[in-house]
Amino acid sequence: MVQRIDVTGAGGVGLAAWEFTDPPKIGGGLEESEQRPGVLLLHGLMGRASHWAATARRLSARHRPVALDQRGHGRSEKPAEGPYDREAYVDDAIVAIEQLGLAPAALVGHAMGALTAWQLAARRPDLVSALVICDMRASALGAASQREWTEWFRSWPVPFATLADVRKWFGEDDPTLERPRPARGEFFAEVMAERADGWRPVFSRRQMLTARETWVHDAHWEELAQVPCPTLVVRGLDAELGRAEAMEMVRVLPRGAYAEIPDAGHLLPWEQPDAWCAAIEPFLSTATMPG
């Protein structure tokens with residue numbers, strides 16, 4: 001079962017959260033889902049909560065997984081002038097944990113969502129029981145990276161005539177790809193909506209660049225070192241986070257662990273879902289165990 005729960009984020013921004021938990025069995029007494037350890041799943045830039053559906057359903061046997069459409073994404077509000085800075089995203093996640101009664105929650109974050117997760121864990125350790133960081137670098141990416149993203153957004157052939165065109169361009173034809181990645185095509189098909197002239201992204205590319213601008217110029221090692229909970233750093237062999245940096249992140253983390261998934265890139269939870277879940281399920285079960 002998937003249930004939408006409305007959350008009031010920082011500054012009154014309306015956020016959509018999605019709980020992936022079957023209803024309790026008849027005669028089960030207290031709400032079984034609320035007895036399970038909470039997990040908040042945070043997507044990356046351009047993502048949406050529904051991307052976590054398969055992961056959440058796997059985790060729901062032992063946990064209470066909730067995925068959040070972060071501001072500017074999915075079905076959450078997209079205020080024209082933001083804010084889309086780090087403080088706003090972290091505050092939104094804090095509010096979601098508190099309003100949904102998830103604390104102490106395990107945080108599972110992909111890319112930007114992982115940065116939000118570890119910044120939250122450093123700032124409010126009382127709300128976090130464990131942390132999974134999926135393919136997010138702690139080093140500064142720099143101005144050149146932001147310029148590359150600006151040019152990449154301009155290269156999108158929007159509007160797309162069909163969803164098949166979306167899948168083909170992002171999975172095969174995008175010139176930034178080194179080889180076809182069908183999972184990437186599916187990922188982007190899920191963040192498109194049909195308009196009068198064709199298929200367009202559900203987010204504003206301008207707002208995505210604004211959000212990215214707030215973290216690419218800074219390194220985030222200091223906050224990483226302030227995360228006290230058990231933390232798993234997960235990367236794919238072909239991901240953006242290199243092995244050397246990932247291992248340094250594990251070293252800097254007070255309670256860091258490492259997992260690597262073969263034949264996977266930046267979108268490793270969707271390219272290799274079984275290997276991804278095999279890496280995070282035992283970690284979360286152990287890290288969120290009472291006592």
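Counting from 1, the numbers follow the sequence of the chain as shown.
Thr116 and Arg86 share a side-chain donor-acceptor pair at under 3.5 Å. Judged purely by distance below 3.5 Å, without hydrogens or angles, the side chains of Trp18 and Asp69 pair a donor atom with an acceptor atom. No hydrogens or angles considered: a donor-acceptor pair under 3.5 Å links the side chains of Glu190 and Ser50. There is no side-chain donor-acceptor pair under 3.5 Å between Ser76 and Gln70.
In summary, Arg181 and Asp238 engage in a salt bridge, as defined by a charged side-chain N under 4.0 Å from a carboxylate O. Look at Asp126 and Arg124 and you find a salt bridge, because one of the NZ, NE, NH1 or NH2 atoms lies within 4.0 Å of a carboxylate O, short of that distance. The pair Arg4-Asp6 counts as a salt bridge, with a side-chain nitrogen and a carboxylate oxygen less than 4.0 angstrom apart. Ion pairing between a basic and an acidic side chain is recognised when a charged N comes within 4.0 Å of a carboxylate O; Arg179 and Asp174 show no such pairing. Salt bridge present: Arg243 and Glu260 bring a charged side-chain N and a carboxylate O closer than 4.0 Å. Between Asp135 and Arg235 there is no salt bridge, since no side-chain nitrogen of the basic residue lies less than 4.0 Å from a carboxylate oxygen of the acidic one. With salt bridges taken as basic N to acidic carboxylate O contacts below 4.0 Å, one links Arg58 and Asp274. Ion pairing between Arg123 and Asp91 holds under the 4.0 Å rule for side-chain N and carboxylate O.
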I'd like to know whether Asp92 forms a salt bridge (Lys or Arg N to Asp or Glu O under 4.0 Å) with Arg71, so could you lay out the CA-CA distance, the side-chain angles of the two residues, the decisive distance to 0.1 Å, and finally the verdict. CA-CA 8 Å; Asp92 284 346; Arg71 62 174 59 208; 2.6 Å; yes
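Ring geometry for Trp152 versus Phe188: interplanar angle over 60°, hence perpendicular rather than tilted (30 to 60°).
Taking the ring centroids of His110 and His266, they lie under the 6.0 Å cut-off.
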